[in-house]
Number of protein chains: 2
Amino acid sequence: MVTLKQIAEELGISITTVSKALKEYPDVSKKTRKLVRETASMLNYKPNSFAVNLRTRESKTIGLIIPVIVHHFFSSVIKGIIEQAEKKGYLVIILQSNESYELEKKQVDLLLSKRVDGILISLANGTADFKHLNDVIENETPLVMFDKIAKMVKCSKVIIDDRKASYKATQHLIDIGCKRIAHFRGPLLPQNSIDRFLGYKKALLDNGLEYDSSLVYICECGDMSFEEGKLNAQKLLKEHKDVDGIFINTDLVAIGAMTEFMKQGVRIPEDISIVGFSNWFMASVISPSLTTINQPGLEMGINAFKLLYKEIKKKKKNSDFSFKELVLDTDLVIRESTKN
Amino acid sequence: MVTLKQIAEELGISITTVSKALKEYPDVSKKTRKLVRETASMLNYKPNSFAVNLRTRESKTIGLIIPVIVHHFFSSVIKGIIEQAEKKGYLVIILQSNESYELEKKQVDLLLSKRVDGILISLANGTADFKHLNDVIENETPLVMFDKIAKMVKCSKVIIDDRKASYKATQHLIDIGCKRIAHFRGPLLPQNSIDRFLGYKKALLDNGLEYDSSLVYICECGDMSFEEGKLNAQKLLKEHKDVDGIFINTDLVAIGAMTEFMKQGVRIPEDISIVGFSNWFMASVISPSLTTINQPGLEMGINAFKLLYKEIKKKKKNSDFSFKELVLDTDLVIRESTKN
DNA sequence: CTGAAAGCGCTTACAG
DNA sequence: CTGAAAGCGCTTACAG
């Protein structure tokens, strides 16, 4: 590998001058600069990034921890982050927490010891303790949370208004005439699962409908989402034959439920209307197609990186920085599963 | 940030000894070692990886270039790679080429200048020149290609036998009685698109069926796959009403085609049987569900990393290393779109 | 405009 | 068993 020293020797000048010439320092004569640049490109010189990192104390690399990768929404987020990062000259190390708090903790530690310039994270469902996140902040490493966040942690965040979105979804079911509306919710912990439930409940009450907790079914929303949808649909058919609409926490669970309903001869939307959440590509191609809330994954990724980038820049200059909480718009995509 | 120097000063010993104690060198007294370890953990010492990289000339980081991320097959590969890498203490930088040769070239260069310990790549559809890959090899950076590979490049590879898989798919159509079988193929360049076409053709000929090139339709298989499927289905219905089976290069295109057929009242599988390729999760939940070739993404990722890891180890020890080409098994998943 | 020198924080061959 | 010293390849404050 070619080093500055070799270029310097080749030209009989000092390493200092070579370094400066390559970095556009103004105090190098044009002639020298040209010579250095030519020699560098001739020898195919590439700065040793290990040395640069050590000197500059930054690696132009950020870390991303995400609960699952094989997931339409999250892979869209990843795409947004990587593309934006590349534009600004940053690379992205990706880690998957598998919805495990323990793993997430280890991975945060790993990224910290790798000295990434910043960390982007969407929390695992099981994460209830936030010490590892506060460690990041104490360590002065910029941190931005997105989608699955912890309200308590003091950092920038990019989210959607889950409560508003699920209110909209439930309102739509009410508008098309549903009277008895069930909810398949996510796990008890993550904020967005809670918020979606609250939006559902509020929509019912605001419209003078009774809130019946026995109509709320819980899903873990892990690898078994599709099966959970089926199972809950079975249970629901046994326990509450009068239900005519369901707002479901996630498209994949919704698709599982629809599969089960159709198998049992329950017609969608004639007998039961269904609204999902996320707008996976799949939702548009199944039959009947699924009404759902569009969750802007790409935008979330892009904005999460942008916030992180700003913080990195500010911190570098030691200038003031205040956290931002960005709330992205969602919209209801009406399809066949709720036609009236 | 705590450094070795600070620990050394704290204990009144040399940096050398501290370093050795922390790294389990045998020539340090038990007492000293214990003292050093205690102090290190008390001060929450974390080695500065920038300095370690510079000294050891390795970063324990590898690069991954992939055509698209938001894609069931590729995101499964990513998952396999990351998990395996983490087990061996490696982190993964992910870049998306967007099926662009130009971007891919830049990204290879970027990874090389970042001095990653190895590179994993699945080629963009447009990649026909392999200089950038040979640069990697010349640079002595271990390289493993997977899925979309270049036969010409001398490195380890993980692939499936596309020809065999598509032969199997076509044979299945023939076995259930199809006489006039079309093929929606991928772009002209990538090897797997070529191989899938050849497997289709061979199956026809081996079974005494005529090969008719006008029954072969091309898709770019980019972001527009679903629409391409629809369009090709339209064309096919106009041009070849007698077709009773189609083998389609990719599930997403197949699902687009199915959507169009159903819209036009063509029954699947009664009028036309369809086989896809990849076994996206979606294939199992649409209706009729799609017969397809299961492409083992996770296994491919795991094996690709394992091969890369072996090569990294060998190169470090300067021992001999020979390239391996791993061919993973695929199987035909028979579903409703081809019932007879 | 040029360059000698210090230093980033480690690792390791070598001397004692 | 311990440590002084060299060196990885850069960057940059400082002197001239």
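Chain identifiers are assigned alphabetically (A, B, ...) following the order of the sequence lines, protein sequences preceding nucleic acid strands; residue numbering begins at 1 within each chain. Only heavy atoms go into these numbers, but all of them, side chains included; no hydrogens, no water, no symmetry mates.
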Item to check | Residue met sooner reading DNA chain D from 5', once A/K23 and B/I15 are mapped to nucleotides | outcome: B/I15

Checklist entry - Which part of the nucleic acid, if any, lies within contact of A/T16, taking any heavy atom under 4.0 Å across all strands shown: a base, the sugar-phosphate backbone alone, or nothing? => result base

Next on the checklist: A side-chain contact here means heavy atoms from C-beta on lying under 4.5 Å apart; do B/K105 and B/T127 qualify?
Outcome noted: no

Checklist entry - Looking for any heavy atom pair under 4.0 Å, which part of the strands does A/K5 touch: base, sugar-phosphate only, or nothing? => result nothing

Checklist entry - What does C/dA4 pair with, Watson-Crick or G-U, if both distances are under 3.5 Å? => result none

Next on the checklist: If we ignore hydrogens and angles and just use 3.5 Å, is the side chain of B/T17 paired with the main-chain N or O of B/I13 as donor and acceptor?
Outcome noted: no

Checklist entry - Considering heavy-atom distances to DNA chain C, does B/Y45 or B/D27 have its closest nucleotide positioned more toward the 5' end? => result B/Y45

Item to check | Whichever of B/S29 and A/L54 has its nearest DNA chain D nucleotide further upstream toward 5' | outcome: B/S29

Next on the checklist: Are there over 12 heavy-atom neighbours, none belonging to A/K310, within less than 6.0 Å of that residue's NZ?
Outcome noted: no

Checklist entry - Any ion pair linking B/K315 and B/E311 (charged N to carboxylate O, less than 4.0 Å)? => result yes

Checklist entry - Going 5' to 3' along DNA chain C, which nucleotides are the first and last within contact of chain A (any atom under 4.0 Å from a heavy atom)? => result C/dC1 to C/dG9

Next on the checklist: Atom NZ of residue position A/K314 - does it have more than 12 heavy atoms of other residues, nucleotides or ligands inside 6.0 Å?
Outcome noted: no

Next on the checklist: Regarding A/F50, tell me which of base, sugar-phosphate or nothing describes its non-hydrogen contacts under 4.0 Å with the strands shown.
Outcome noted: nothing

Atom pairs and distances, side-chain donor-acceptor, residues 143-153 of chain A, under 3.5 Å, sequence neighbours left out:
from   : atom 1 : to     : atom 2 : distance (Å)
A/D147 : OD1    : A/Q295 : NE2    : 3.3
A/K148 : NZ     : A/E99  : OE1    : 3.1
A/K148 : NZ     : A/E99  : OE2    : 3.0
A/K148 : NZ     : A/N125 : OD1    : 2.6

Next on the checklist: Regarding A/S19, tell me which of base, sugar-phosphate or nothing describes its non-hydrogen contacts under 4.0 Å with the strands shown.
Outcome noted: base

Next on the checklist: For a quick check of understanding: with a heavy-atom distance under 4.0 Å over all strands, which category does B/N48 fall into, base, sugar-phosphate or nothing?
Outcome noted: sugar-phosphate

Checklist outcome for this item: Applying the 3.5 Å cut-off to both distances, the Watson-Crick or G-U partner of D/dA13 turns out to be none

